[in-house]
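Structure record follows, encoded as structure tokens.
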Amino acid sequence: MIRADRESKMLRDATGQSSRARDACNKIWVAISLAAISACLLTGCGAAPRSKYYQLSVPSGVPTVQASDTQIRLLVGNLSASNLYREDGIVYSRGTEEMGTYQTHRWAEPPPNMIEEVLLRELRSSGRYLAVQQQRSNTSGEFLIRGHVYDFKEVDGSLIVAKVTFDLEMRDLKTGATVWTHHYTHDEPVNGKNVPAVVAALDKNVQQGVKEAAASLDQYFAAHPVK
């Protein structure tokens, strides 16, 4: 009987020690879990990365020629593009077929919209036209400029370049005839291996292309003065 009581006591002691050990382990795991959660909250663990947005610089110069020197009113219509360029993702390509977009680096607007704005501001700031406006239902002019954007992307190869390709055309709204066209394509070297460097190269490329288009328009109107 004494032996049975002694064995029963030993069993109760062992059970109690095991229970206390489990409680201690549970407390340790709770403490570790709380510490991990606190660390995540402090460091942003698990938070979705924030997107960065970019835009092209637009000309803001004061016209150098009085607008009264000419009676030409230009309308700038929408530039068309493939669906890929109608979104706000910054496009990259590897090889001749593979293309993709950066997930956390985006344009403030779709590229055709930004290029259209740069073109409009460049022509307006030149002072060579009586008016330069976006095409709207309540606007009027003698000529309408439209176009298509084919390339506006980073191209990875032996060198990283920013490729821009677009076509522009101008239609005489009185006759309906296309009287001027301009093609631009250029690969601008990227001075760096990050997205901001790509954006800077694309911006520089667009500025060059728009200035060339504006100079070509000047040549057209010099050869075909509007009376």
Side-chain angles (χ1 to χ4, degrees), residues 48-61 64 74-126 128 132 134-135 144-170 180-220:
R50 294 182 178 180
S51 293
K52 296 182 179 180
Y53 292 87
Y54 306 85
Q55 62 184 7
L56 299 180
S57 55
V58 295
S60 58
T64 56
L74 295 178
L75 300 179
V76 178
N78 295 330
L79 301 184
S80 59
S82 66
N83 290 337
L84 185 62
Y85 293 123
R86 298 307 309 178
E87 304 294 334
D88 63 358
I90 297 179
V91 178
Y92 63 83
S93 66
R94 296 187 176 95
T96 58
E97 298 179 354
E98 181 185 353
M99 300 176 69
T101 58
Y102 290 102
Q103 296 301 311
T104 59
H105 296 273
R106 300 180 178 279
W107 294 111
E109 296 182 73
N113 296 10
M114 294 190 297
I115 297 174
E116 177 188 332
E117 183 66 20
V118 173
L119 176 62
L120 184 144
R121 295 288 190 91
E122 176 68 25
L123 296 175
R124 184 180 289 170
S125 65
S126 71
R128 295 183 175 88
V132 182
Q134 289 181 322
Q135 185 185 22
L144 170 63
I145 298 175
R146 296 182 298 185
H148 187 88
V149 178
Y150 294 96
D151 295 305
F152 190 74
K153 62 185 179 181
E154 167 194 338
V155 180
D156 295 343
S158 56
L159 295 175
I160 302 176
V161 298
K163 187 176 188 65
V164 174
T165 304
F166 60 80
D167 282 340
L168 297 175
E169 66 175 29
M170 182 172 67
W180 171 86
T181 60
H182 181 77
H183 175 73
Y184 177 80
T185 185
H186 177 65
D187 293 344
E188 180 67 26
V190 176
N191 296 321
K193 295 184 178 180
N194 52 41
V195 175
V198 172
V199 169
L202 285 168
D203 188 20
K204 180 180 179 181
N205 206 345
V206 168
Q207 306 303 322
Q208 176 180 315
V210 167
K211 288 184 182 300
E212 288 187 12
S216 178
L217 269 178
D218 288 346
Q219 294 175 359
Y220 170 80

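Note that the structure is a prediction, hence the values are computed from the model and not measured. We use all heavy atoms of the structure for the numbers below, so side chains are in, but hydrogens, waters and symmetry mates are not. Residues take their numbers from the sequence shown, with the count starting at 1.
Closest non-hydrogen pair, Met114 versus Glu109, comes out as CE-O, 3.6 Å. When every heavy atom of Ser51 is checked against every heavy atom of Arg106, the shortest pair comes out as OG-NE, 4.0 Å. When all heavy atoms are compared, the tightest approach of Pro111 to Tyr85 is CD-O, 3.2 Å. For the residue pair Pro189 and Ala201, the shortest heavy atom distance occurs at O-CB, 3.8 Å. Residue Val132 comes nearest to Leu120 through the heavy atom pair CG1-O, 3.9 Å, listed as atom of the first residue, atom of the second, then distance. In plain terms, the two heavy atoms of Glu116 and Gly77 that are nearest each other are CD-O, 3.6 Å.
The number of heavy-atom neighbours closer than 6.0 Å to CG of Asp218, taken from other residues, nucleotides and ligands shown, is above 12. For CD of Gln208, the number of neighbouring non-hydrogen atoms (other residues, nucleotides, ligands) closer than 6.0 Å is greater than 12.
The aromatic rings of Tyr102 and Tyr92 sit tilted, their planes meeting at an angle between 30° and 60°.
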query: Given Val198 and Asn194, is the side-chain contact (heavy atoms from CB on, under 4.5 Å) satisfied, shown in steps?
result: CA-CA 7 Å; Val198 172; Asn194 52 41; over 6 Å; no

message: Let's go through Glu154 and Val190 carefully: what are the C-alpha distance in whole Å and the side-chain angles of both, what is the deciding distance for side-chain contact (heavy atoms from CB on, under 4.5 Å) to 0.1 Å, and is it a yes or a no?
response: CA-CA 9 Å; Glu154 167 194 338; Val190 176; 5.7 Å; no

Verdict with reasoning, Asp167 to Thr181, per side-chain contact (heavy atoms from CB on, under 4.5 Å): CA-CA 7 Å; Asp167 282 340; Thr181 60; over 6 Å; no

- request: In sequence, state the C-alpha distance, the side-chain angles, and the governing distance for Asn113 and Arg86, and then conclude on side-chain contact (heavy atoms from CB on, under 4.5 Å).
  value: CA-CA 9 Å; Asn113 296 10; Arg86 298 307 309 178; 3.4 Å; yes

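Taking CZ of Phe152 as the start and NZ of Lys163 as the end, the distance is 13.5 Å to the nearest 0.5 Å. Separation of atoms CG (Leu168) and CG (Leu79) is listed at 6.5 Å; rounding is to 0.5 Å. Considering CG of Asn78 and CD of Gln134, their distance stands at 7.5 Å, rounded to 0.5 Å. One distance of note links CZ of Arg121 with CZ of Arg124; it measures 7.0 Å at 0.5 Å rounding. Interatomic distance, Ser93 OG to Met99 CE, rounded to the nearest 0.5 Å: 5.5 Å. The OG atom of Ser80 sits 4.5 Å away from atom NE2 of His148, with the distance rounded to the nearest 0.5 Å.
Judged by distance alone, the side chain of Thr185 and the main-chain N or O of Phe166 form no donor-acceptor pair under 3.5 Å. Under a 3.5 Å cut-off, the side chain of Arg94 and the backbone N or O of Asp156 do not form any donor-acceptor pair.
Within the 4.5 Å cutoff, side-chain heavy atoms of Leu56 are placed close to those of Ile115. Looking only at side-chain heavy atoms (C-beta outward), Thr165 and Tyr184 stay at 4.5 Å or farther from each other. Looking only at side-chain heavy atoms (C-beta outward), Gln207 and Ser57 come within less than 4.5 Å of each other. Residues Gln135 and Val76 are not in side-chain contact: their nearest non-hydrogen atoms beyond the backbone lie 4.5 Å or more apart. Residues Thr101 and Ile90 form no side-chain contact, since every pair of their non-hydrogen atoms from C-beta on lies 4.5 Å or further apart. Contact check for Ile160 versus Val155: no side-chain heavy atoms found under the 4.5 Å cut-off.
Between Asn205 and His186, the side chains place no donor N or O within less than 3.5 Å of an acceptor N or O (distance only, hydrogens not considered).
Results of the side-chain contact (heavy atoms from CB on, under 4.5 Å) test with Val164 over Leu202, Asp151, Asp203 single out Leu202 as the only residue that passes. Tested against Ser216, the residues Met170, His182, His183 include a single side-chain contact (heavy atoms from CB on, under 4.5 Å) partner, His182.
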